[in-house]
Amino acid sequence: MGASVKNNKYVVDDYSFSTRAEYDRALKEKETISYITANTNMSDMRAVLKVYNRAVEKKSFQTVIGLEFIRNMRKRLIGSGFVTEETIEPVPVVAAAKEMSHVDDKSLAESKAQKYKKLYEESSAGLKMRNIIIAFLVIIIIAMVVITYKTKYSIFTYFTDYKTQMEEELVDKYEKWEKELDDREKKLDSREKILEDGDKNTDSENEGDSNIDNSVSGSSE
């Protein structure tokens with residue numbers, strides 16, 4: 001058994017790995033196994049159990065190469081009667097856990113992507129509505145400005161001499177009204193004078209007629 005790379009296939013001890021990283025990890029674990037077996041009395045179950053527990057605790061092996069080595073130690077320990085299946089720790093499958101974690105992370109990423117997409121769509125819709133409202137308000141403001149601008153006294157004339165102009169207009173109106181009153185009084189005076197003159201003429205005529213009548217009466221006597 002050995003390791004080889006052919007046609008993009010990474011093979012270690014009859015196991016094919018899909019990536020270069022997994023292949024390199026398997027080679028490293030194979031070297032570690034060779035070091036352990038060369039420096040440990042594998043017939044001493046106490047020593048084997050110590051290596052086993054340490055490997056399980058540290059999760060030193062993650063590829064099928066290392067996991068198979070741990071599993072074989074476990075079988076030897078149980079088979080020797082040194083430990084029971086209930087007391088020995090099971091083999092930790094870290095690689096599978098990582099794969100599951102990768103799947104979970106992928107699902108979480110997709111979920112977040114959908115969430116952000118939905119938020120983006122909602123924010124885009126909200127932005128569109130906000131722009132419509134702003135445009136509507138701008139139109140209203142423009143209309144109000146135009147109407148106010150056409151008004152003689154408005155906000156545009158607030159800081160000008162509009163007060164003076166208003167006072168002058170009021171004075172002009174008062175003077176015009178006063179002149180109209182004077183004209184009316186003069187007309188009334190003229191009418192009263194004409195009526196008085198008419199009354200005087202009537203009295204004179206009546207007095208003349210009375211004198212004539214008196215003269216005629218005296219002659220008859």
**Request:** Taking atom CD of Glu180 as the centre, report whether more than 12 heavy atoms of other residues, nucleotides or ligands fall under 6.0 Å from it.
**Result:**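 Counting neighbours around CD of Glu180, more than 12 heavy atoms of other residues, nucleotides or ligands fall under 6.0 Å, so yes.
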Measure from the side-chain N and O atoms of [X] to the backbone N and O of [Y], and report whether any donor-acceptor pair falls under 3.5 Å.
X     : Y     : value
Tyr52 : Glu89 : yes
Thr37 : Ser34 : yes
Thr87 : Val83 : no

Quick one: does [X]'s side chain get under 4.5 Å of [Y]'s, heavy atoms only?
X     : Y     : answer
Thr32 : Phe61 : yes
Val56 : Val91 : no
Arg46 : Phe82 : yes
Met42 : Arg76 : yes
Leu67 : Val93 : yes

**Request:** Could you tell me whether Tyr10 and Phe17 have their ring centroids closer than 6.0 angstrom?
**Result:**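 Aromatic pair excluded; centres sit 6.0 Å or further apart.
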If you round to the nearest 0.5 Å, how far is [atom2] of [Y] from [atom1] of [X]?
X     : Y     : atom1 : atom2 : answer
Ser18 : Tyr23 : OG    : OH    : 14.0 Å
Arg54 : Lys59 : CZ    : NZ    : 13.5 Å
Glu22 : Glu29 : CD    : CD    : 11.0 Å
Lys75 : Ile88 : NZ    : CD1   : 12.5 Å
Lys28 : Thr63 : NZ    : OG1   : 11.5 Å
Arg25 : Thr19 : CZ    : OG1   : 12.0 Å

**Message:** One pair to check against side-chain contact (heavy atoms from CB on, under 4.5 Å): Thr84 and Ile78. What are the steps and the verdict?
**Reply:** CA-CA 5 Å; Thr84 62; Ile78 295 172; over 6 Å; no
**Asked** Does Ile134 belong to the same Ile/Leu/Val/Met/Phe/Trp/Tyr cluster as Ile142, with side-chain heavy atoms less than 4.5 Å apart forming each link?
**Response**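 Ile134 clusters together with Ile142.
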**Request:** Evaluate the salt bridge (Lys or Arg N to Asp or Glu O under 4.0 Å) criterion for residues Arg20 and Asp24: first the C-alpha distance (whole Å), next the side-chain angles of each, then the deciding distance (0.1 Å), finally the verdict.
**Result:** CA-CA 6 Å; Arg20 180 77 190 194; Asp24 291 339; 3.4 Å; yes
**Prompt:** Which atoms form the tightest heavy-atom contact between Ala26 and Val12, and what is the distance?
**Reply:**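 Shortest heavy-atom contact: CB-CG2, 4.2 Å.
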